[in-house]
Amino acid sequence: MKRREFLVGSTAAAGALGLGGLSRASGAEELVIQPASFTLRDRPTTGMVSLSPDAPPPVLYGRQGEVMRLPVRNTLGDYTAMHWHGLRIPNGMDGVPYLTQMPIGPDEVFDYEFTPPDAGTYWYHPHCMTMEQMAHGLTGVMVIAEAEDPGFDSEQVVNLRDFRLDDDDQFLPAYTTRGAARAGTFGNVQTANWLEAPTYDHTAGSLVRLRVVNTDTTRIYRLHLEGADARIIAWDGHPVEDVVPMPSATEPLLVGPGQRVDFAIAMPSGEGQTVDLKAKLPGQPHRAMTRLRAAGASVARELRELRPLPQNPLAKPNLTNAELHEFVFGWTPEGGEPVNGFCGTLGYNFWSINRMPWPGDAAPGVGPLAVLKQGKSYVLRLRNESPNLHPIHLHGLAFLPLKSNLRNLPQLMTDTMLLLKDEVVEIALVADNPGDWAFHCHVIEHQKTGLTGFIRVV
Ligand code: C2O
Ligand code: CU
Ligand code: CU
């Protein structure tokens, strides 16, 4: 597939920055949020939202430790704000309306600029009119390259997400109140990079880095790989050498909305042989979400030629004397009117954190769920009191899952913890990034109906 890909992070334009307000992100191409049309199934689906009129949001490339300038222009009639999921960047660039910036109005531009401290697979999506804009397409992948090349022959980015279409391939309402009060409303067209089961050619016998990102608003994917020697090298951005076992058809990997997994794959040596990324959907046989096809003569490389990815500069929590904070996620005991300024509301509250429905990202006068001191270590106990699964996401900080009442948790740094039914998980973190950090479920219907708060680091 030929897609327009932006190369960002050039430092060449840095000289122009002294001009203050006049120097709007010189040298950086604007990301223009705009209506789009695209054939997801049989006929063009109109009313999509992307960064071009006829293509998915591009992969945004940056490099660890190098500045990225991402001016975002809004040409929609609604408000927006762009969030860079998983990147540990300054709070003012985090893209959460009212919490870190004002929403971006029609015809306005917001100049995002930051230097990613970590390499890995991340993604971007709006955090205002979230349901409307994400469900209609505005979710893209960010690749932050290691400062040093880790030695793959090629890469394949796979952006997994559903769309909810009618028989004419036009959008159905993105959510139902029934879904919002339960597991969420599921799409009926499963795509990878906006295509149904696309095939990508990679050189036979070569080493491919497969970056899989679940950018769906609802679905928890159950994934496994078939047809190649492979291993998991990173989870939610960060390297996890030999920590996560390879999934299988019977024990697939649960990847919740917002989560990412990177595989190192040795392509088969025979031309035309394939590697399938398969998903198990309820009530259906395993299906290939995307397929890699071995092309040309084999270059005969092997996984063991790869060195482990370099670790990201993450602070290790110190558990002695770490203060404990408790969070309970569940249904809300009372309705309550959601308030969300210019950023959209579903009109209900179904969910709560610590038995309080959060009245929308934009509610004035609502305090933080916890106040953490910069530089200190903390343990957060996350309790799921509901029968539904919740991918709980914390902005701006990375955390380490410590233990669960239900399962062994691999030791890996993450920004999104998938809480199972009735699960209690303790996570640890160092509060090393000051600011107000959104803390919410990444099932957008839950996020928008009570399950969003924020944690303050001062
Ligand atoms: Cu992926 Cu609050 O975000
Ligand atoms: Cu985020
Ligand atoms: Cu949830």
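Atoms within a ligand are numbered from 1 in the order they appear, just like the ligands themselves. All figures in this text were calculated on a predicted structure; none of them were measured in a lab.
At a cut-off of 2.8 Å, H393 coordinates the Cu ion (ligand 2) through an N, O or S atom. Among the backbone and side-chain atoms of H393, none of the N, O or S atoms lies under 2.8 Å from atom 1 (Cu) of ligand 1. Residue contact annotation: H395 places an N/O/S atom under 2.8 Å from atom 2 (Cu) of ligand 1. Taking backbone and side-chain atoms together, H127 has no N/O/S atom less than 2.8 Å away from the Cu ion (ligand 2). Under 2.8 Å from atom 2 (Cu) of ligand 1 lies an N/O/S atom of H440, whether from backbone or side chain.
In this structure, Y112 has its ring center under 6.0 Å from that of F110. Not less than 6.0 angstrom separates the ring centroid of W194 from the ring centroid of H136. Less than 6.0 angstrom separates the ring centroid of H286 from the ring centroid of H224.
Annotation: cation-pi pair R161/F163 present, NZ/CZ under 6.0 Å from the ring centroid and within 45° of its normal.
The nearest N/O/S atom of H85 to atom 1 (Cu) of ligand 1 is ND1. Atom NE2 is the N, O or S atom of H127 at the shortest distance from atom 2 (Cu) of ligand 1.
Annotation: E385, atom CD; neighbour count of heavy atoms from other residues, nucleotides and ligands within 6.0 Å is above 12. Within 6.0 Å of NZ in K376 there are 12 or fewer heavy atoms belonging to other residues, nucleotides or ligands.
Vertex atom 1 (Cu) of ligand 1, arms ending at NE2 of H442 and NE2 of H125: the angle is 110° after rounding to 10 degrees.
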